[in-house]
Amino acid sequence: MPMWAGRFTKELNAQANSFNSSIGFDSRMFREDIRGSLAHAEMLAASGIIGAEDLSLIRGGLGGILEDLESGKLKIDENSEDIHMFIEAQLTSRIGDAGKRLHTARSRNDQVALDLRLYLLNKIPELVGGLRLLTETLCKIAEEHTETVMPGYTHLQRAQPVSFGQHLMAYAQMFLRDRGRLCDCMKRMRENPLGSGALAGTTYPIDRFMTSELLGLGSPSANSLDGVSDRDFCVEFLSALSLIMTHLSRFSEEIILWCSWEFKFIELDDGFATGSSIMPQKKNPDIAELVRGKTGRVYGGLLAVLTMLKGLPLAYNKDMQEDKEAVFDALDTVQACLGIFSSMLGTMAVLKENMRAAAARGFINATDCADYLVKKGLPFRDAYKITGGLVAKCVAEGKTLETLDLGEFREGSPLFDEDVYAAINLENCLRGRLSYGGPSPESVRNQIELVRGELAAWEK
Ligand code: ARG
């Protein structure tokens, strides 16, 4: 019999019961539910709403339930409606009337809003841990490749020289921002909805500041209707996770390209690639493909919650039960993706020679050639045009800029001299890109240092 059976003449239809139930996915919040209930009970007793004896029974009862759930001695009853009902029913079966007093001045509406906030507040540091490990891994690899010349691309066309280290550190910046967004959404997540009641607060003399304090949260939500119907924190969380997946997915795409015979810039460790059931030669980057593929379901969670909320009148509506599956699935997905990504990157081999060979083809030093003429006094637009002509000549004759002789250069402009060869040497082109944030080895080393400094500051 459900707790609300009093006003009903019939039992809930079995099909309706299983459709309505959320225990299959909300039982993972059992610790938070118990924490919230303990704080609520402490407050009820301190405010004189329940007696000291009841409080002590509730403490003991909830403590025992927690222990038994942790040890596996107590199994979740899949027929319960949700984790809140299950724990309350357990408590009452263990301690009798005191258990029935726990829900005074509370509703499942403020209870679930609290539990979900507490749960995510607990989980976000784990996600940040995943971002940290990944960023540390990037710094470590980048440090070894500040001089590894590779072609930088625009439109997936070879464009200008960068280093593999510079390329990796671009992702480090994305993951720093991702952490920032998670921390930002935690600020609003710390608001305490408990004490909003079903929607209209309560006539009991509760102390919402006390439960906030006990739970380590910020202020109580300022409006009871908003307190129970706000799921902005889920949307913010899911959008932060969606951006993490955007970053991982772009990275995955590059990993997949780099593994192809067309690029062969890296070789994944055999432990992080799979074969084919028919093609004996295959080595597939499944992990990166799956991360790219899973991005869709995290975006799906964000869209599901936004859409679920958009037409809801205040205050609580059962539609809101849909928040949890979206949030939990996204959380699990991102956690798994971050973890596997660090391991996959940490074990891959970087094929420097192939990057260098690709850099030598595609005229990625053409800008440097034009800049050479600019440094000799030519306006950039004229230098650009002359270099374009030289590139066209090279394309027609199957040459590279480096293989033109000085005579050929001088057909383009008399300003060319022997020192042009040094100016268009790829290693020099990389070294010369000293602008702040640029790909010179010095600049990339500086970036690594700054990122490491940020990582260290995360501790505080
Ligand atoms: N299982 C519900 C949820 O996840 C808990 C709140 C139920 N409240 C209610 N009034 N039916 O949203």
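Just the heavy atoms: all of them, side chains too, but no hydrogens, waters or symmetry mates, feed the values below. Atoms within a ligand are numbered from 1 in the order they appear, just like the ligands themselves.
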Counting each atom of ligand 1 from 1 as listed, which ones have a heavy atom of Ser22 under 4.0 Å away? 1 (N)
Considering only the protein, which heavy-atom contact is closest to atom 10 (N) of ligand 1, and what is its distance? Asn109 OD1, 3.1 Å
Using 4.0 Å as the upper bound for N to carboxylate O, is an ion pair formed by Lys324 and Asp26? no
Which ligand 1 atoms does Lys324 reach within 4.0 Å, using its non-hydrogen atoms? 3 (C), 4 (O), 12 (O)
Looking only at distances, please establish whether an N/O atom of ligand 1 is found under 3.5 Å from an N/O atom of Asp82. yes
What residue and heavy atom of the protein are closest to atom 1 (N) of ligand 1, and at what distance? Gln321 OE1, 2.8 Å
Evaluate His84 for polar contact with ligand 1, using N/O atom pairs at a separation under 3.5 Å. no
Under 4.0 Å between a Lys/Arg side-chain N and an Asp/Glu carboxylate O for Arg117 and Asp230? yes
Do Phe25 and Phe328 have ring centres separated by under 6.0 Å? no
Cation-pi between Arg28 and Tyr119: NZ/CZ under 6.0 Å from ring centre and within 45° of the ring axis? no
So which heavy atom in the protein is nearest atom 7 (C) of ligand 1, and how far is it from that ligand atom? Tyr316 OH, 3.5 Å
shortest atom 11 (N) of ligand 1-to-protein heavy-atom contact is with Arg108 NH2, 3.6 Å
Do NZ/NE/NH1/NH2 and the carboxylate oxygens of Arg108 and Asp82 come within less than 4.0 Å? yes
Any Lys/Arg nitrogen of Arg94 or Asp68 sitting under 4.0 Å from an Asp/Glu carboxylate oxygen of the other? yes
